[in-house]
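Everything numeric here is computed off the predicted structure, so don't read it as measured data.
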Amino acid sequence: MNNNTLMNIKNQKIVLYLTKQVILLNHSCNNIIPEEKFQRAIAMFTNKSEDFETIKKIIDWHVQNERTRYIDHLKRKRNYEKARQNKKKILQKKKVA
């Protein structure tokens with residue numbers, strides 16, 4: 001096999017792996033990866049000189065980072081909602097008093 005064929009095979013593996021990871025991430029994190037970001041990731045990770053395992057580790061790092069950011073966002077949102085509810089309760093108690 002020539003280098004071009006090997007690169008094409010590696011690129012196909014990368015696209016398949018990225019697709020799987022994005023589907024899993026979108027399923028668990030409310031579709032946080034839009035199509036345009038997915039396409040940018042494909043462009044970013046294909047046609048690279050690094051071997052597949054190295055690229056896979058970098059993809060995994062990005063996926064974990066996105067998941068962590070999503071969880072942090074949910075926590076901030078939940079804390080904001082709790083603070084709003086508490087403020088609302090305090091204001092209601094003051095009106096009653």
Side-chain angles (χ1 to χ4, degrees):
M1 279 193 233
N2 65 22
N3 284 344
N4 207 22
T5 304
L6 292 174
M7 181 61 82
N8 286 338
I9 291 169
K10 184 172 79 170
N11 284 341
Q12 287 175 357
K13 284 175 67 175
I14 291 167
V15 171
L16 284 172
Y17 188 74
L18 262 173
T19 301
K20 178 184 173 191
Q21 294 306 312
V22 168
I23 288 170
L24 291 171
L25 189 61
N26 277 344
H27 179 73
S28 65
C29 298
N30 199 24
N31 295 316
I32 63 170
I33 307 296
E35 180 64 25
E36 66 189 37
K37 193 170 185 177
F38 174 61
Q39 292 302 325
R40 282 197 315 266
I42 289 173
M44 186 168 107
F45 292 112
T46 53
N47 298 313
K48 299 293 180 196
S49 59
E50 295 89 356
D51 66 357
F52 176 73
E53 288 303 316
T54 301
I55 294 170
K56 187 177 164 192
K57 286 177 186 173
I58 297 168
I59 292 168
D60 290 344
W61 181 86
H62 281 284
V63 167
Q64 187 56 45
N65 194 37
E66 288 290 336
R67 185 175 281 117
T68 300
R69 284 180 46 222
Y70 179 75
I71 290 167
D72 289 345
H73 166 74
L74 286 182
K75 286 177 184 174
R76 282 193 307 277
K77 188 175 176 182
R78 196 175 309 125
N79 289 340
Y80 172 77
E81 289 299 321
K82 281 182 185 177
R84 251 185 66 205
Q85 291 299 324
N86 288 340
K87 188 175 182 180
K88 203 175 191 182
K89 287 178 186 175
I90 291 169
L91 288 174
Q92 286 174 343
K93 285 181 183 177
K94 284 183 179 179
K95 285 181 183 177
V96 173

Open item on the list: Distance check, rounded to the nearest 0.5 Å: Arg78 atom CZ versus His73 atom NE2?
Closed with: 10.5 Å
Task: Value rounded to 0.5 Å, distance of CG in Asn86 from CG in Asn79 - done: 10.5 Å
- [ ] Any chance you could measure Asn26, atom CG, to Tyr70, atom OH, to the nearest 0.5 Å?
- [x] 10.0 Å
Task: Which atom of Ile59 lies closest to which atom of Gln21, heavy atoms considered - done: CG2-CG, 4.4 Å
- [ ] Please determine which of Leu18, Ile55, Asn11 meets the side chain to side chain contact (heavy atoms under 4.5 Å, CB included) test together with Thr46.
- [x] Asn11
Task: Option among Asn2, Asn8, Asn3 that satisfies the side chain to side chain donor-acceptor pair (under 3.5 Å) test with Thr5 - done: Asn2
Task: Short N-O contact, Glu81 and Arg84, less than 4.0 angstrom - done: yes
Open item on the list: If hydrophobic clusters are built by linking Ile, Leu, Val, Met, Phe, Trp and Tyr wherever their side-chain heavy atoms come under 4.5 Å apart, do Ile58 and Ile14 end up in the same one?
Closed with: yes
Open item on the list: Working to the nearest 0.5 angstrom, can you tell me the gap between Glu66 CD and Ile33 CD1?
Closed with: 4.0 Å
- [ ] Treating Ile, Leu, Val, Met, Phe, Trp and Tyr as nodes and any side-chain heavy-atom pair under 4.5 angstrom as an edge, say whether Ile71 and Ile32 lie in one connected cluster.
- [x] no
- [ ] Begin from the C-alpha positions of Lys20 and Leu24 and carry the test side chain to side chain contact (heavy atoms under 4.5 Å, CB included) through to its verdict.
- [x] CA-CA 6 Å; Lys20 178 184 173 191; Leu24 291 171; 4.1 Å; yes
Open item on the list: Any salt bridge linking Glu50 with Lys57? Criterion: basic side-chain nitrogen under 4.0 Å from a carboxylate oxygen.
Closed with: no
Task: Gap between atom OH of Tyr17 and atom CZ of Phe45 - 0.5 Å precision - done: 10.5 Å
TODO: Could you tell me the separation between the CD atom of Gln39 and the CD1 atom of Ile42, rounded to the nearest 0.5 Å?
DONE: 4.5 Å
